[in-house]
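These numbers come from a predicted model, not from an experiment. We count ligands from 1, going down the list as the structure has it; atoms in each ligand are counted the same way. The first residue of the sequence shown is numbered 1, and numbering continues consecutively from there.
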Amino acid sequence: MSLVVMKFGGTSVEDPAAINRTAAIVAGRVAMGNLPVVVVSALAKVTDQLLRAASCAAKGDRTGALAISSRLRSRHRDTACALIKNPAESAALVTLIDQKFDSLDEILRGLAAILELTPRISDLVVSYGERISSRIVAATFCERGIAAAHVDARDVIVTDSQFQKAVPQDSIIEKRAAEMLRPLIEHGKVPVMGGFIASNEAGITTTLGRGGSDFTGALVGGALSASAIEIWTDVDGIMTCDPRVCPEALRVKVISFEEAAELAYFGAKVLHPATILPAVKKNIPVLVLNSRNPTNDGTRIISLAPHCKSPFKSIAVKKKLSIIDVVASRMLMTHGYLSEIFAIFDKHQCPVDMVSTSEVSVSLTVDSNDKLPAIAADLSQLADVKYEGKKALVCMVGEDIRGQSGIAAQVFAAIRHINVRMISQGASEINMSFMIEEEDAEEAVRSLHAAFFQNPDPAIFDVEAQKGQLLAPSS
Ligand code: ASP
Ligand code: MG
């Protein structure tokens, strides 16, 4: 019997209807003889609201913070009552929700008194989202006949103490999963736990960073050597490009870990890039599936993607970028210059996306942020600096560009009408990226899609759906 980790994102548990769909999907798996371990996010938007409550409180807006918490309390209570019909179970769940919100309110009042929000307290506040959602989901499963057992994720996922982006301790997680999850599974139970939340070895609550529930899914899958990790979301999987930009976008049926990581990094919202790692290490396939369309096959992410007839699998775009040009004749024949430049970005804790250099100039791209003037001021100690916002990075990903000649010519021919500011062919040899004006991004994607996905390889892309779409009468 195969053990599958099924992670459901915020939209898959956003309201009673979504939680019922999720329960039906899991019940289907149990009926098939699978052994699911379920990881859930907080109800959609709850994490953002909890963070807002915390920052309101820390600014002294006690009333505002408690008002947010009170709305969240009602939403969770209403959701629980709509789902759980058994009066005793429903009352028990509502009591539990109330207890959690009472203690959250206490923390918010404390924050409003001390007027300081530390990363540690921020993690404690946001943890309520997953702590409560996982209770509601577990109770719903039980009522729908699934033998669910709620597990506090903080007892299994142990991290270091870097609050807000804690690093998982793999060997401890493996041990805890063996002690806490394995026996439940062996007794025919379906463990249900929150994603994203964890604790350090002292038991203090930490989180894995925004979007971290996918990471939890992969960690649990890795620790239990699951046969697959399923990421249930509200899209059909990884697409060849954003379907809102280009209606001809196709579902990618199968993609390699490396390609998916590259896409995730470049803003494809489908999954957290770090998800890939624990899965890759153990060679566990990751499936991206749609809980609104559960019969769709989604995208399968595997170690080695099969050969594809066309060079690229997908086109991703990252917007709201700035480009920084550093020009200095001093750079000619000197060494250590690049490291000085990077030291400045490091000092401002500003990640750099793409770099391109010539003898006398360096161009770098970063997410537009309010540290840019300070960074530019520091850089101007070394050289002439210019920076400009409203840029977009287009990233073409595909393992089959490795070693193929003429690809760059085809790419730039397809967008010959668009001004390209910066080019980089990734060292990984599986992406080709370039920087353009934000306003040209959509046009670039459409032109590239038309050029490279005209004759899609049916082994890799879902051509049938596209045919269906084209045949379907427009409404
Ligand atoms: N709820 C968390 C967030 O919104 C984690 C997740 O859903 O992946 O970031
Ligand atoms: Mg997510």
Side-chain angles (χ1 to χ4, degrees), residues 5-15 18-19 21-22 37-55 68-69 71-72 75-76 79 97 100-101 104 117 119-138 151-154 156-157 159 162-168 173 192-199 205-222 229-235 238 260-261 264-265 267-279 286-292 301:
V5 173
M6 305 176 77
K7 178 263 169 176
F8 292 89
T11 52
S12 302
V13 293
E14 65 188 342
D15 55 24
I19 296 175
R21 278 196 297 273
T22 291
V37 175
V38 174
V39 173
V40 294
S41 286
L43 275 52
K45 310 245 155 61
V46 167
T47 305
D48 289 328
Q49 285 157 13
L50 287 167
L51 286 170
R52 224 157 22 87
S55 74
I68 296 172
S69 165
R71 282 196 295 276
L72 286 174
R75 177 172 170 201
H76 285 89
T79 305
I97 292 170
K100 297 254 187 290
F101 276 99
L104 172 65
L117 180 61
R120 172 174 163 170
I121 302 301
S122 172
D123 275 357
L124 180 62
V125 171
V126 282
S127 73
Y128 282 90
E130 270 77 5
R131 279 154 71 187
I132 302 171
S133 68
S134 56
R135 290 284 185 176
I136 297 176
V137 169
V151 173
D152 191 329
R154 296 170 299 172
V156 180
I157 308 297
T159 64
Q162 291 184 62
F163 297 101
Q164 296 181 322
K165 49 173 188 315
V167 179
I173 295 172
V192 175
M193 54 196 272
F196 174 58
I197 58 173
S199 75
T205 301
T206 60
T207 65
L208 300 173
R210 291 306 306 271
S213 289
D214 296 344
F215 200 2
T216 307
L219 289 167
V220 171
I229 296 161
E230 299 179 349
I231 305 291
W232 288 86
T233 167
D234 60 351
V235 295
I238 294 175
Y265 179 69
K269 289 274 160 15
V270 181
L271 87 179
H272 193 289
T275 304
I276 309 299
L277 292 171
V286 175
L287 284 106
V288 179
L289 296 160
N290 187 352
S291 64
R292 292 176 185 279
I301 307 170

Handout entry: Test item, Gly9 contacting ligand 1 (heavy atom, 4.0 angstrom)
Key = no
Exercise for the section: Answer yes or no: does an N/O atom from Glu130 fall short of 3.5 Å to an N/O atom of ligand 1? Expected result: yes
Handout entry: Gly211 N/O under 3.5 Å from ligand 1 N/O
Key = yes
Completion exercise
Thr47 heavy atoms within 4.0 Å reach ligand 1 at atoms 1 (N), 2 (C), 3 (C), 4 (O)
Practice task
Taking only Lys NZ, Arg NE, NH1 and NH2, and the carboxylate oxygens of Asp or Glu, determine whether Arg21 and Asp15 approach each other closer than 4.0 Å.
Solution key: no
Practice task
Measure the acute angle between the ring planes of Phe8 and Trp232, then classify it against the limits of 30° and 60° as parallel, tilted or perpendicular.
Solution key: parallel
Exercise for the section: Return yes when Gly10 approaches ligand 1 closer than 4.0 angstrom through a heavy atom, no otherwise. Expected result: no
Handout entry: Residues Asp152, Arg131; criterion salt bridge (Lys or Arg N to Asp or Glu O under 4.0 Å); working and verdict
Key = CA-CA 7 Å; Asp152 191 329; Arg131 279 154 71 187; 5.3 Å; no
Handout entry: From Ser12 atom OG to Leu289 atom CG, the distance as rounded to the nearest 0.5 Å
Key = 10.0 Å
Exercise for the section: Would you please test Glu14 and Arg292 for salt bridge (Lys or Arg N to Asp or Glu O under 4.0 Å) and show each step? Expected result: CA-CA 12 Å; Glu14 65 188 342; Arg292 292 176 185 279; 2.8 Å; yes
Problem - Worked check of side-chain contact (heavy atoms from CB on, under 4.5 Å) between Ile301 and Ile231 - result: CA-CA 11 Å; Ile301 307 170; Ile231 305 291; over 6 Å; no
Practice task
Looking only at distances, please establish whether an N/O atom of ligand 1 is found under 3.5 Å from an N/O atom of Asp214.
Solution key: no
Completion exercise
Here the atoms of ligand 1 under 4.0 Å from any heavy atom belonging to Ser41 are 6 (C), 7 (O), 8 (O)
Problem - Those atoms of ligand 1 less than 4.0 Å from some heavy atom in Arg210 - result: 3 (C), 4 (O), 9 (O)
